[in-house]
Amino acid sequence: MLKKTCLYAMALAATCLPAFAQTDANTLVVAQSVDVESLEPDMLNQSASLNIANALWGTLLSVTPDGEIVPNFAESYEWNEAGTEISFKIREGMVCEDGEVLDAEDVAYSFTRAADPANAFIGHTPGFVYSSIGFVGARADDPTTAVIKVKGYSSTVPGMVAKILIHCKDSYEKLSVEQAAIAPVASGPYKLVEWVRADRVVLKRNDKWTMSEVPFENVIFRVIPESSTRTAELLAGQVDIAVNVPPDQMEAVNSSGQAKVIPVAGTRRMFAGFNFSGAFDGTPAGDALKNVEVRRALNMAVDVPTICKQLLGTNCVRANGPANLGDPSIAPYPYDPEQTEAMLDAAGFPRGENGVRFSMQMQGPQGRYLQDGQVQQAIAQYLGDVGVETTNDLMDMTVFSPMAREHRAGPMFFIGQGGATWSAIYDMSLFPSRDAPVNTGNWYNAEWQTRWDSLSGVRDTAEERKIVDEMLKIFHDDAPWIFLYFQPDFYGVSDRINWTPRRDESIEVWTASLK
């Protein structure tokens with residue numbers, strides 16, 4: 001009876017929603033929780049935005065679902081002996097949406113444009129990739145050879161390069177930064193038809209694309225913040241792929257005859273971070289969180305496996321650090337509220353007459369991650385149980401994201417950072433320096449930084465792994481986060497299509513096809 005009622009309620013909700021041409025055999029519809037931040041390739045940070053971007057622009061290399069780095073716009077690459085330059089052999093015959101030939105000059109332009117301080121770009125490439133690889137510059141030696149200069153060799157450079165979106169020089173030199181943000185010129189399998197903010201992005205097959213088959217003529221990315229509404233649209237046949245289907249709706253979807261839920265062990269690191277920027281100095285929570293014993297104690301206050309089972313509908317192993325390819329010898333913090341209480345007492349934060357040790361605000365998004373509002377409320381409850389009175393400040397991701405990037409969120413904040421299947425160092429690249437935008441808590445540890453700097457130039461994989469494991473132990477022991485879990489992903493997929501989700505949240509729409 002409950003299952004039938006759930007199905008009826010979701011179907012009824014769908015009848016009240018605007019119809020889209022999903023039943024058209026030439027159209028694929030993807031429902032995501034948030035809108036694209038911009039259509040400027042170097043202003044994008046969210047995975048939902050990058051899913052759209054990867055349909056619009058290509059990259060030199062690609063990362064397969066299994067974590068293999070393979071050719072794309074570049075046929076091959078090689079390092080110089082000093083490890084300061086990496087040369088890419090650019091594939092011939094590529095053309096941008098407007099007919100401009102794409103060659104090594106366009107590759108070099110894409111790299112240097114992203115780094116130009118006059119453009120003030122803050123997206124994934126300038127804000128994360130460049131600081132991680134020590135980007136110095138780029139040039140074209142000839143039409144088929146693009147060279148990227150870095151401070152020193154790093155095994156992560158090819159994988160990082162696979163994140164950089166390539167666009168045509170002549171096309172973009174005609175556009176102001178403001179124009180480029182709304183009128184992209186595609187180099188990828190699709191081109192823009194329409195962007196209705198907070199509602200949808202409509203793409204059409206790029207007839208200049210020759211790199212691969214593109215099964216669907218049209219792709220619509222719809223913005224549906226409410227998870228139950230995404231599910232209702234999936235069951236009503238208006239959506240082909242829906243992200244973050246709530247676990248309690250899985251049975252209804254699977255028995256609907258319309259769609260199935262495909263679970264994936266995701267790579268996104270979910271955590272409650274602490275803000276070390278100084279913005280909360282002089283406040284009870286800000287001062288308490290400077291104490292490493294307090295941070296370790298708070299880790300033991302939160303029952304992560306129970307959160308996973310009850311709120312996410314799955315079993316999970318608590319994270320022991322920031323890397324998917326971590327060190328399994330490092331034991332995750334246990335759930336031990338009695339030890340938490342003893343450690344907080346010993347650290348000088350006893351309960352007051354009202355039972356409160358200190359009060360703290362936790363800020364975070366609602367509707368961005370799987371069950372994010374409920375998870376944050378659970379964390380606040382666990383902390384309250386040990387005397388740390390915690391209030392939730394839930395907000396839209398468009399409000400929270402710049403706060404986190406500018407180190408203003410806190411004193412504690414809930415966030416998820418995308419991870420990788422191909423490199424521990426990639427995941428650790430959130431912390432190349434204190435002020436990196438991706439270092440949302442402004443965390444700094446001298447021992448970590450020394451080892452991070454020492455990775456430059458290391459080509460021996462065993463030596464690299466030794467340094468990585470030392471860094472992971474430092475991170476765990478310094479506890480700049482309350483370590484939570486790697487987010488499981490539940491994709492609703494229409495029975496009318498063939499499509500396999502990836503672990504890294506990348507939705508490659510050109511890999512979907514009609515059955």
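All residue numbers refer to positions in the sequence shown, counting from 1. For the numbers below, each heavy atom of this structure counts, side chains included, while hydrogens, waters and symmetry mates do not.
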For the atom pair [atom1] ([X]) and [atom2] ([Y]), what is the distance rounded to the nearest 0.5 Å?
X    : Y    : atom1 : atom2 : value
T390 : M412 : OG1   : CE    : 5.0 Å
I90  : N72  : CD1   : CG    : 10.5 Å
L60  : I148 : CG    : CD1   : 6.0 Å
T84  : W79  : OG1   : CH2   : 8.5 Å
L165 : S110 : CG    : OG    : 8.5 Å
W481 : R295 : CH2   : CZ    : 13.5 Å

Parallel, tilted or perpendicular: ring planes of [X] versus [Y], cut at 30 and 60 degrees:
X    : Y    : answer
Y426 : W422 : tilted
F413 : F271 : perpendicular
Y333 : F483 : parallel

Looking at [Y], is its backbone amide N or carbonyl O close enough to the side chain of [X] to form a donor-acceptor pair, meaning the two atoms are under 3.5 Å apart?
X    : Y    : value
R269 : G418 : yes
N315 : C308 : no
N119 : R113 : yes
D303 : Y335 : no
Y153 : R459 : no
H407 : N439 : yes
Q32  : A48  : yes
N442 : F276 : no
S187 : G58  : yes
W448 : F431 : yes

Heavy-atom closest pair, residues [X] and [Y]:
X    : Y    : result
Q363 : R408 : OE1-O, 4.1 Å
P247 : L311 : CG-O, 4.0 Å
P126 : A114 : CB-O, 3.5 Å

Pair E293 + R296: basic N to acidic O under 4.0 Å: yes
E447 with K473: basic N within carboxylate O range, under 4.0 Å: no
For the residue pair [X] and [Y], confirm or rule out a side-chain donor-acceptor distance under 3.5 Å.
X    : Y    : result
D372 : Q376 : no
S155 : E464 : yes
N275 : S277 : yes
D327 : S329 : yes
T398 : D396 : yes
N45  : S49  : no

Flag if over 12 foreign heavy atoms under 6.0 Å of NZ, K151: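 No, because the 6.0 Å sphere around NZ of K151 holds 12 heavy atoms or fewer from other groups.
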Q449, CD atom: more than 12 neighbouring heavy atoms under 6.0 Å: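 Atom CD in Q449 is packed in, count exceeds 12.
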Those residues that, when tested against R230, pass salt bridge (Lys or Arg N to Asp or Glu O under 4.0 Å) (two or more places apart):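 Counting only residues at least two positions away or on another chain, R230 forms no salt bridge (Lys or Arg N to Asp or Glu O under 4.0 Å).
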side-chain contact (heavy atoms from CB on, under 4.5 Å) involving P332 - partner list, sequence neighbours excluded: R318, N320
Face-on cation placement of R368 at F400 ring, 6.0 Å and 45° thresholds: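 Judged by the rule (NZ or CZ under 6.0 Å from the ring centre, within 45° of its axis), R368 is not positioned above F400.
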Full working for salt bridge (charged side-chain N to carboxylate O under 4.0 Å, His left out) between R268 and D489: CA-CA 9 Å; R268 180 168 295 276; D489 294 319; over 6 Å; no
Stepwise side-chain contact (heavy atoms from CB on, under 4.5 Å) test for E508 and N54: CA-CA 7 Å; E508 297 177 332; N54 287 328; over 6 Å; no
Evaluation steps, side-chain contact (heavy atoms from CB on, under 4.5 Å), between N324 and T421: CA-CA 7 Å; N324 280 270; T421 57; over 6 Å; no
Residue pair Y77, V161: steps toward the side-chain contact (heavy atoms from CB on, under 4.5 Å) verdict: CA-CA 11 Å; Y77 63 89; V161 164; over 6 Å; no
Test log, rule side-chain contact (heavy atoms from CB on, under 4.5 Å), inputs F349 and V388: CA-CA 10 Å; F349 297 93; V388 179; over 6 Å; no
Sequence neighbours excluded - salt bridge (charged side-chain N to carboxylate O under 4.0 Å, His left out) pairs with any residue from residues 336-345: E341-R351, E341-R357, D345-R357
